[in-house]
Asks: 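Pasting a structure here, questions to come.
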Amino acid sequence: MVLPKGTNLLEYAKKNKLKDIIAAKVDGKLVDLNTTLEDDKEVEFVDINSEEGLEILRHSAAHIMAQAVEHVFGKAKFGVGPAIENGFYYDIDVGRTITEEDLKKIEKEMKKIVGANYKFERRELPKEETIKIFKEKGDEYKVEILNDIDEETVSLYQQGDFLDLCRGPHIPSTGYLKHFKLLNVAGAYFKGDEKRPMLQRIYGAAFSTKEALDKYLKFLEEVKKRDHRKLGKQLDLFSISDEVGPGLIIWHPKGAMLRYLIEEFERQEHLKKGYEFVKGPEILRTELWKRSGHYDHYRENMYFTEIDGQSFGIKPMNCLGHIQVYKSKKRSYKELPKRYFELGVVHRHEKSGVLHGLLRVREFTQDDAHIFCRPDQLNDEIIGVLDFVQDVMGIFNFDYELEISTRPENSIGSDEQWDLATNALINALENTGRKYDINEGDGAFYGPKIDVKLKDAIGRKWQCATIQCDFTLPERFNLTYIDEDGKEKQPVMVHRVILGSIERFIAILIENYEGNFPLWIAPVQARVIPVSIKHEDYAKKVYGELKDKGFRVELEDRNETLGKKIRFAEVDKVPYILIVGDKEVESNTVSVRKRKEGDLGCMNIDSLVEKLNQEVRSRR
RNA sequence: GCUGGCGUAGCUCAAUCGGUAGAGCAGCUGACUUGUAAUCAGCCGGUUGGGGGUUCAAGUCCCUUCGCCAGCUCCA
């Protein structure tokens, strides 16, 4: 709507009883609600429940928290304090570490500030003058942030006794912040640079309604419940041992079965899509890693070993092995593309602080493939991989987003090669009408990539598949094929994974399904439970028949009450619980109980087999 | 790697001011012979992550080292 010159938006909103309005857009630009129009302007009010409204609310919450910190500690220095998804944080230096106790105090003080309903007042000052203010305050971080700003004039916001550098806009007054909670505190480098001092980062959540805040806090609980490290232990899938070493996974029978099922699924899918199985060695001469550029650009992440006075590198990637397969003989244009697939075990020296269950480990298996093709085949090959990703994600019922990562600082190859590769990826996405974002400077050192971020059952995003286009390694290794015209040409290499790391993907599966794996990948599909020892022989017979039919079955032979045995099976998240007692022995049936759903009634073995097979085939 | 927190039985967790390491579950043995999420009893289980120190006395305090957790940086 167009509002006349001289209108104060806050007053206008109040007068017209506009509810839940916390800011406005004038000519499309976000401004404080407490703005008086200098001309007739197109105005759009920003609702507190909108994405922009929430961001403003959360950003203001960060300011209020900063004020509270200053009240509690007397003096504090500040880094940055932005809004983030679901909340906000502020980087703070109070001369000591902030404890959980402090958080309570700060939260209490925030409530006081909210109660006082201070106005957020915007001021514009010359940069130099502002620098002086923060120098006097002794806040060298803000001074440095100011020095980085190019503008002559900067804006400041004051609420009560607290003044902060800020672009704005903000909520009109502190009272608008009603539903928030401080969550945790941890160290964070100033400007994200590990060489700079570490500040204390306090995280908080803020929402427009109590319901939304409660829902989010519940979500955090839900995340904890689904934690794959916890479920991995409970379901006896894997362990990580202090004795063995950090970041190294020990797969127990059920976890190893899960791996096997996923790997077998992958092998079958790759065969269908025209890939060939290959396998390279675990260690290759260091000389080879020097030639590929890994030694110069990836050495920090590699392990080396010496044999008979010669240096070898343990592979952190599978490409060199696959290149050797390609190079093993002269190639014709007719045999391209070559698609080499390997469930390749790689080792990467990850920094100790980043290890995390199965999600970040030092040894993992990639569903890795390298496609060697002619330049004219590149587009189709990339599209083929994108379709592959689509098929697999569809089977697992995951939604996903695509991102292109461009040339990083630490990289090899010429600008021309990088442009060619990047354009090839963009073209493939454009040609198939896929949506994507661009992530500048985040590519691999040898080429740009398309990253696939899958979304799990509770809305979290995970990076799994990646497709990388590479003109550099073919050049470094002198890869060639004989073209139609009899001349040697250089093939293009596409590095790609679909699930990424089997370990990471299994972590995601565990959390996505909360351990309730669908029948086709459940390590144990059914457990036969005799009502009492009288029925053990019949239970064994049922168990044997299902086993013969290829099902993953267990026999419960512990001498416990039926209730307890059912409980064990439910706790173990076994999809089908088959109970046999007098009734079943008599009628040659089983009583079928489905995990989390309960009794489905009696069935003969044949119809049960049919039912299970159908469910396995559906992959749901 | 960095900042902070935390390491107690297979698992989940107790142990006041520095004063005899304890419970539930799991496991084992026995009794019971079970009809859709925990039957009862007994037993076993620990150099309190490792090493060093302070003290009459250390799970508890100090140092060191390893690991885990949260976040930062980095990443499949």
Side-chain angles (χ1 to χ4, degrees), chain A residues 79 89 91 93 96-100 183-203 227 229-230 233-234 236 239-247 298 300-301 316-317 344 346 348-362 364-368 405 442 444 449 451-452 462-466 468 495-505 507-508 529-536 558-572 577-584 591-602:
Chain A
Y89 69 76
D91 287 348
D93 178 358
R96 67 165 175 89
T97 57
I98 292 165
T99 63
E100 294 288 318
L183 296 175
N184 56 328
V185 57
Y189 299 111
F190 181 51
K191 288 184 171 177
D193 184 342
E194 56 187 325
K195 290 179 195 76
R196 305 299 306 268
M198 193 166 254
L199 308 178
Q200 306 279 306
R201 177 170 295 177
I202 303 178
Y203 286 89
D227 192 312
R229 293 166 296 187
K230 200 171 144 186
K233 205 180 272 180
Q234 270 172 27
D236 198 15
S239 60
I240 301 172
S241 153
D242 201 349
E243 280 179 291
V244 171
Y298 207 73
E300 300 300 303
N301 286 295
M317 299 181 191
V346 295
R348 297 185 184 176
H349 181 201
E350 301 291 344
K351 289 179 177 176
S352 61
V354 307
L355 300 174
H356 185 97
L358 297 178
L359 284 168
R360 199 73 186 274
V361 294
R362 287 190 171 148
F364 59 102
T365 304
Q366 292 183 305
D367 59 333
D368 203 3
S405 293
D442 214 28
K449 57 181 182 175
D451 283 330
V452 180
W462 307 92
Q463 143 106 65
C464 290
T466 165
Q468 306 171 350
H495 309 237
R496 45 105 290 180
V497 289
I498 304 293
L499 302 182
S501 133
I502 302 295
E503 285 74 5
R504 177 174 289 185
F505 193 72
I508 295 165
I529 300 180
V531 171
S532 85
I533 41 174
K534 283 191 305 201
H535 314 105
E536 256 181 24
R558 282 174 288 194
N559 189 7
E560 295 286 352
T561 57
L562 179 62
K564 184 120 175 216
K565 289 185 280 198
I566 288 171
R567 184 184 153 73
F568 281 142
E570 288 281 353
V571 168
D572 289 343
I577 301 162
L578 308 174
I579 295 150
V580 294
D582 286 341
K583 225 167 48 188
E584 289 76 15
S591 181
V592 180
R593 179 188 163 108
K594 193 159 186 195
R595 166 183 67 193
K596 292 179 87 172
E597 282 175 30
D599 199 351
L600 298 186
C602 271

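The chains referred to below are lettered A, B, ... by the order of the sequence lines, with proteins before strands, and numbering in each begins at 1. We use all heavy atoms of the structure for the numbers below, so side chains are in, but hydrogens, waters and symmetry mates are not.
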Asks: Using the P atom as the point on both nucleotides, what is the distance between U73(B) and U3(B), in whole Å?
Replies: 16 Å
Asks: Please state how far atom CD in E100(A) lies from atom P in C6(B), giving the value in whole angstrom units.
Replies: 10 Å
Asks: Does U16(B) pair with anything, Watson-Crick or G-U wobble, both distances under 3.5 Å, and if so, with which nucleotide?
Replies: none
Asks: Tell me every residue that passes side-chain contact (heavy atoms from CB on, under 4.5 Å) with Q463(A), counting only those two or more places apart in sequence or in another chain.
Replies: D451(A), K453(A), T466(A), R504(A)
Asks: For nucleotides C32(B) and U20(B), find the distance between their C1' atoms and express it as a whole number of Å.
Replies: 38 Å
Asks: Rounded to whole Å, how long is the line connecting atom NZ of K230(A) with atom P of C11(B)?
Replies: 15 Å
Asks: Starting at atom CZ of R595(A), determine the distance to atom C1' of U36(B), rounded to an integer number of angstrom.
Replies: 17 Å
Asks: F568(A): what forms a ring pair (Phe, Tyr, Trp, His ring centres under 6.0 Å) with it, not counting sequence neighbours?
Replies: none
Asks: U48(B) and U60(B): how far apart are their P atoms, nearest whole angstrom?
Replies: 10 Å
Asks: Any chance you could measure I529(A), atom CD1, to K565(A), atom NZ, to the nearest 0.5 Å?
Replies: 7.0 Å
Asks: Would you measure the distance from the C1' atom in A37(B) across to the matching atom in A21(B) and give it in whole Å?
Replies: 34 Å
Asks: In whole angstrom, give the distance that lies between atom CD1 of I577(A) and atom C1' of G35(B).
Replies: 14 Å
Asks: Using atom P of each nucleotide, how far apart are A23(B) and U65(B) to the nearest Å?
Replies: 37 Å
Asks: Please list, chain by chain and in numerical order, all residues satisfying side-chain contact (heavy atoms from CB on, under 4.5 Å) with V244(A), sequence neighbours excluded.
Replies: S241(A), L248(A), I250(A)
Asks: Contact class for T97(A) (heavy atom, under 4.0 Å): base, sugar-phosphate, or nothing?
Replies: sugar-phosphate
Asks: Round to the nearest Å and state the distance from I566(A) atom CD1 to U36(B) atom C1'.
Replies: 3 Å
Asks: Just to verify, what does K594(A) make a salt bridge (Lys or Arg N to Asp or Glu O under 4.0 Å) with, not counting sequence neighbours?
Replies: E615(A)
Asks: Between U39(B) atom P and I533(A) atom CD1, what is the distance in whole Å?
Replies: 16 Å
Asks: Go through the structure and list residues passing salt bridge (Lys or Arg N to Asp or Glu O under 4.0 Å) with R362(A), not counting sequence neighbours.
Replies: none
Asks: Quick one, give me the B/S/- string for nucleotides 66-76 of chain B, reading 5' to 3', where B means a protein heavy atom under 4.0 Å from the base and S means that only happens at the primed atoms, P, OP1 or OP2.
Replies: SSSSBBBBBBB
Asks: Who pairs with R593(A) by salt bridge (Lys or Arg N to Asp or Glu O under 4.0 Å), at least two apart in sequence or on another chain?
Replies: E570(A)
Asks: Using a cut-off of strictly less than 4.0 Å, decide whether K565(A) has a side-chain nitrogen or oxygen near OP1 or OP2 of U34(B).
Replies: no
Asks: Both distances under 3.5 Å, Watson-Crick or G-U wobble: report the partner of U3(B), or none.
Replies: A70(B)
Asks: Report yes or no: is the cationic atom of R196(A) (NZ for Lys, CZ for Arg) under 6.0 Å from the centre of the six-membered ring of F190(A), at an angle within 45° of the ring normal?
Replies: no
Asks: Under 3.5 Å between N/O atoms: give me all the protein pairs with nucleotides 27-31 of chain B, atom names plus distance.
Replies:
{"from": "G27(B)", "atom 1": "OP1", "to": "R558(A)", "atom 2": "NH1", "distance (Å)": "3.2"}

Asks: From the list U36(B), A38(B), U34(B), which nucleotide is the closest neighbour of the side chain of D599(A)?
Replies: U36(B)
Asks: Check V497(A) against C464(A) and note the closest heavy-atom contact, atom names and distance.
Replies: CG2-O, 3.9 Å
Asks: So which atom in D367(A) and which in R496(A) form the shortest heavy-atom distance, rounded to 0.1 Å?
Replies: O-NH2, 3.0 Å
Asks: Using the P atom as the point on both nucleotides, what is the distance between G59(B) and U16(B), in whole Å?
Replies: 12 Å
Asks: Can C17(B) be described as syn, meaning its chi torsion is within 90° of 0, or is it anti?
Replies: syn
Asks: In whole Å, measure the gap between the C1' atoms of A9(B) and C25(B) for me.
Replies: 12 Å
Asks: Once you round it to whole Å, what is the distance between P of U36(B) and CG of D572(A)?
Replies: 20 Å
Asks: Nearest-Å distance, CD (E570(A)) to C1' (A37(B))?
Replies: 6 Å
Asks: Rounding to an integer number of angstrom, what distance separates G45(B) and G10(B) when you compare their P atoms?
Replies: 12 Å
Asks: Using the test side-chain contact (heavy atoms from CB on, under 4.5 Å), find all partners of K534(A) that sit at least two apart in sequence or belong to another chain.
Replies: S532(A), D582(A)
Asks: Between G35(B), U36(B), C11(B), which nucleotide has the shortest distance from any of its atoms to the side chain of K233(A)?
Replies: C11(B)
Asks: Quick one: look up who U8(B) pairs with, Watson-Crick or G-U, both distances under 3.5 Å, and put none if it's unpaired.
Replies: none
Asks: Is the phosphate of C40(B), meaning OP1 or OP2, less than 4.0 Å from a side-chain N or O of K564(A)?
Replies: no
Asks: Considering every strand and a 4.0 Å limit on heavy-atom distances, what is the contact class for G563(A): base, sugar-phosphate, or nothing?
Replies: sugar-phosphate
